[in-house]
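Down below is the structure, laid out as structure tokens.
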Amino acid sequence: MATSRRVWSFSRRLKLHFSSLKPIYAAAPCVPVRFQGSSQQSGDHVITDAFKPPKEAFTLEDRPHFPGSSSKWTEKLCFVEPTRYDGIPVYRVMDRDGQIMDSTQDPNFNEETVVKMYHTMTLLNTMDRVLYDSQRQGRISFYMTNYGEEGTHIGSAAALDDKDLVFGQYRETGILMWRGFPIQQFMNQCYGNNAGGDKGRQMPVHYGCTERCFVTISSPLATQMPQAVGSAYAYKRAGNGQVVITYFGDGASSEGDAHAAFNFAATLDCPIIFFCRNNGYAISTPTAEQYRGDGIACRGPGYGMSAIRVDGNDVFAVYNVTKAAREIAFKENRPVLIEAMTYRIGHHSTSDDSSAYRSVDEVRYWDKHDHPIGRLRKYMFRKGLWDDDKEQAWMKKSKQTILTAFADAEKRKKSSPVECFRDVYKEMPWHIERQMQETKEHLAKYRDQYPLDKFDSWDD
């Protein structure tokens with residue numbers, strides 16, 4: 001959990017504390033200042049015109065009425081220093097041993113739901129291992145594992161409505177898995193075969209599924225964030241009862257698109273959840289070298305958003321926080337920022353060697369002592385929901401499920417080379433038609449230079 005100043009916090013009542021617009025996080029009440037239309041609450045009166053204070057303001061306490069702030073006068077020359085305030089606390093439900101810290105915070109899931117959470121997290125972990133090894137053997141071109149971040153996926157996915165629109169970054173496979181995306185389709189996409197929904201036109205792990213309201217992954221960082229805000233604004237105007245959630249990493253939060261998205265969402269009062277997976281590293285750049293402030297959650301109040309920091313390795317805490325954030329976004333039509341503190345145990349991708357910038361001991365600590373799967377397993381053992389026999393049987397079954405899908409995906413042919421020209425326009429324009437024809441002629445002329453036997457025919 002990468003932030004320089006953090007403390008544990010867990011409420012005594014079933015009430016999650018979101019940081020308000022006030023800067024003193026440890027002391028400020030968790031009731032954000034409300035914005036209604038263009039009016040701003042400012043002390044004992046309302047500023048209804050950005051450049052003209054109301055008449056009654058002159059008869060009240062002398063306060064500044066500058067547009068864009070809610071302040072008091074001071075005669076002390078004092079700069080606001082980042083070290084002056086306590087860090088935003090980290091909300092949790094379970095400790096590292098799977099023990100519920102405050103019974104009022106226990107979501108009290110039934111056995112079926114808890115087991116589904118565990119099954120999904122471990123199935124994702126098993127799929128990661130198989131596909132990572134597959135890339136190392138040259139069978140697929142690229143892969144990104146989710147090791148250590150499974151709790152952020154499943155906890156948040158379980159709290160959402162299945163019709164809520166998801167804009168992922170690239171490490172949110174568990175959300176799709178929770179929503180029932182078939183294992184076979186995960187494999188087909190990574191192998192780029194003719195059975196994949198994208199027809200082999202995307203990099204591996206760039207999943208998408210219209211039926212499950214999951215927008216196709218795009219490689220560039222943070223581009224999904226302003227797009228998600230636009231969708232949330234459209235949802236608000238349509239009044240369809242759904243919200244939008246966009247996931248991003250601590251590295252993406254440094255992109256300009258992230259800041260534009262925050263500002264647009266706040267000023268337009270959009271029903272959107274910004275979910276930051278702060279896993280400690282932006283590829284090879286540790287958070288200590290990436291920003292100087294108190295993580296990502298502190299940016300929420302600066303943009304006029306409620307924000308909260310949660311233990312991302314505690315699947316129950318992530319669930320509670322996401323559920324509460326969705327209520328705010330849905331009922332009050334305003335954005336919420338969640339910062340989930342976690343740790344990326346795997347390499348950034350198969351193109352990365354994390355041993356060049358972090359120690360093996362560091363990784364081993366998080367894997368052995370603070371893993372979201374291990375924590376949930378301990379909870380299940382405590383509750384009598386799981387035992388060694390069930391563990392062994394499930395691991396055998398889940399591995400077989402993955403390997404069966406893996407074998408089927410690998411033996412399928414790739415899509416026809418001309419598929420790259422289709423589905424760009426509803427009706428193919430003449431210049432794309434010409435390019436497709438030129439490609440066919442080229443492949444026909446140099447057939448012996450290409451492994452066309454591994455591809456579908458382009459004959460219509």
Show, in sequence, the C-alpha distance, side-chain angles and deciding distance for Tyr143 and Asp128, and conclude whether the side-chain hydrogen bond (donor to acceptor under 3.5 Å, both in side chains) test is met. CA-CA 8 Å; Tyr143 195 68; Asp128 276 348; 2.6 Å; yes
Of the non-hydrogen atoms in Val310 and Val90, which two are nearest, and what is the gap between them? C-CG1, 3.7 Å
Partners of Asp95 by salt bridge (Lys or Arg N to Asp or Glu O under 4.0 Å), sequence neighbours excluded? none
Within 6.0 angstrom of Lys390 NZ, more than 12 heavy atoms from elsewhere: yes
Counting distance only, does the side-chain N/O of Gln224 pair as donor-acceptor with the main-chain N or O of Val215 below 3.5 Å? no
Within 6.0 Å of NZ in Lys323, more than 12 heavy atoms from elsewhere: no
Is a salt bridge present between Arg277 and Glu172, judged by a nitrogen-to-oxygen distance below 4.0 Å? yes
Using the ring pair (Phe, Tyr, Trp, His ring centres under 6.0 Å) rule, take Phe186 and Phe181 through it: C-alpha gap first, then chi angles, then the decisive distance, then the call. CA-CA 8 Å; Phe186 283 117; Phe181 193 67; 4.8 Å; yes
Mark yes or no: Lys378 above the aromatic ring of Trp386, with NZ or CZ under 6.0 Å from the six-membered ring centre and no more than 45 degrees from the axis. no
Taking only Lys NZ, Arg NE, NH1 and NH2, and the carboxylate oxygens of Asp or Glu, determine whether Asp133 and Arg129 approach each other closer than 4.0 Å. no
Return the minimal non-hydrogen interatomic distance between Gly148 and Ile345, and the atom names on each side. CA-CD1, 3.7 Å
Taking all non-hydrogen atoms of both residues into account, name the closest pair between Tyr319 and Ala158 and its distance. CE1-O, 3.6 Å
When you check the side-chain N and O atoms of His347 and Thr145, is any donor under 3.5 Å from an acceptor? no
Ignoring hydrogens and angles, state whether a donor on the side chain of Thr350 or Arg136 is under 3.5 Å from an acceptor on the partner side chain. no
Are Arg96 and Asp370 ion-paired here, with the side-chain N under 4.0 Å from a carboxylate O? yes
Using a strict cut-off of less than 4.0 Å between a Lys/Arg side-chain nitrogen and an Asp/Glu carboxylate oxygen, indicate whether Arg201 and Asp423 qualify as a salt bridge. yes
Looking at Glu149 and Arg171, is there a salt bridge between them, counting it only when a charged N and a carboxylate O are closer than 4.0 Å? yes
Any side-chain donor near an acceptor of the partner, Asp269 and Asn333, under 3.5 Å: no
Around Phe264, counting heavy atoms of other residues, nucleotides and ligands shown, do more than 12 lie under 6.0 Å from its CZ? no
Does a donor on one side chain sit under 3.5 Å from an acceptor on the other, for Asn313 and Thr342? yes
Rounded distance (nearest 0.5 Å) linking atom OH of Tyr357 with atom OG of Ser284: 6.0 Å
Verify whether the ring centers belonging to Phe275 and Phe248 lie closer than 6.0 Å. no
Would Gln227 and Thr223 count as having a side-chain donor-acceptor pair, cut-off 3.5 Å? no
Between the side chain of Arg412 and the main-chain N/O of Gly196, is any donor-acceptor distance below 3.5 Å? no
Rounded distance [0.5 Å steps], CG in Leu221 versus OG in Ser253: 10.0 Å
Flag, side chain of Gln189 to backbone of Gly197, donor-acceptor distance under 3.5 Å: no
Within the side chain of His206, is there an N or O that forms a donor-acceptor pair under 3.5 Å with the backbone of Pro204? yes
Polar side chain donor-acceptor pair, Asp352 to Ser349, under 3.5 angstrom: no
Atom CZ of Phe167 and atom OG1 of Thr216: how far apart are they, to the nearest 0.5 Å? 10.0 Å
Between Asp311 (side chain only) and Arg92 (backbone N and O only), is there a donor and an acceptor less than 3.5 Å apart? no
Quick one: does NZ or CZ of Arg358 land under 6.0 Å from the six-membered ring centre of Tyr281, within 45 degrees of the ring axis? yes
Should the pair Asp162-Arg212 be classified as a salt bridge under the 4.0 Å nitrogen-to-oxygen rule? no
Considering residues, nucleotides and ligands other than Gln392, do more than 12 of their heavy atoms fall under 6.0 Å from its CD? no
Reported CG-to-CD1 distance for the pair Leu160 and Ile245, which is rounded to 0.5 angstrom: 4.5 Å
Going by an N to O cut-off under 4.0 Å, is there a salt bridge joining Glu391 and Arg377? yes
Distance-only side-chain donor-acceptor flag, Gln105 / Asn320, under 3.5 Å: no
Short question: side chain of Ser359, backbone of Glu362 - any donor-acceptor pair under 3.5 Å? yes
Out of curiosity, Arg179 CZ to Thr120 OG1, how far, rounded to the nearest 0.5 Å? 13.0 Å
So Val243 and Tyr235, do their side chains get closer than 4.5 Å, heavy atoms only? no
Answer yes if the side chains of Thr104 and Asp102 hold a donor-acceptor pair under 3.5 Å, and no otherwise. yes
Minimum heavy-atom distance between Lys414 and Gly192, given as atom pair plus value: CD-O, 3.4 Å
I'd like to know if the side chain of Ser134 pairs up with that of Tyr191 as donor and acceptor (distance under 3.5 Å, no hydrogens or angles considered). yes
Nearest heavy-atom neighbours spanning Met187 and Ala409: CB-CB, 3.6 Å
Taking side chain to side chain donor-acceptor pair (under 3.5 Å) as the test, write out the residues that go with Lys236, two or more places apart. none
Please determine whether ring pair (Phe, Tyr, Trp, His ring centres under 6.0 Å) holds for the pair Trp366 and His371, giving the CA-CA distance in whole Å, both sets of side-chain angles, and the decisive distance to 0.1 Å. CA-CA 6 Å; Trp366 290 95; His371 198 293; over 10 Å; no
Charged N to carboxylate O under 4.0 angstrom, Asp97 versus Arg375? no
Can a side-chain donor-acceptor contact be found between Ser218 and Tyr170 if the only test is distance below 3.5 angstrom? no
Report yes if some heavy atom in the side chain of Ile338 is under 4.5 Å from a heavy atom in the side chain of Phe274; otherwise report no. no
Between the side chains of Tyr303 and His259, is a donor N or O closer than 3.5 angstrom to an acceptor N or O? yes
Got a donor-acceptor contact below 3.5 angstrom from the Gln169 side chain to the Gly249 backbone? yes
CE of Met203 to SG of Cys190: how many Å apart, nearest 0.5 Å? 10.5 Å
Pair Asp314-Tyr91, side-chain donor/acceptor within less than 3.5 Å: no
Is a salt bridge present between Arg364 and Asp361, judged by a nitrogen-to-oxygen distance below 4.0 Å? yes
His153 and Trp178: aromatic ring centres closer than 6.0 Å? no
Check the surroundings of atom CZ in Phe109: do more than 12 heavy atoms from other residues, nucleotides or ligands lie under 6.0 Å from it? yes
Could you tell me whether the side chain of Asn125 and the main chain of Met121 form a donor-acceptor pair under 3.5 Å? no
Test ring pair (Phe, Tyr, Trp, His ring centres under 6.0 Å) on Tyr132 and Tyr147; report intermediate values, then the result. CA-CA 11 Å; Tyr132 180 86; Tyr147 301 146; 7.1 Å; no
For the pair Asp106 (side chain) and Val93 (backbone), establish whether a donor and an acceptor sit closer than 3.5 Å, ignoring hydrogens and angles. no
Between Thr152 and Ser156 the two heavy atoms that sit nearest each other are O-OG, 2.6 Å
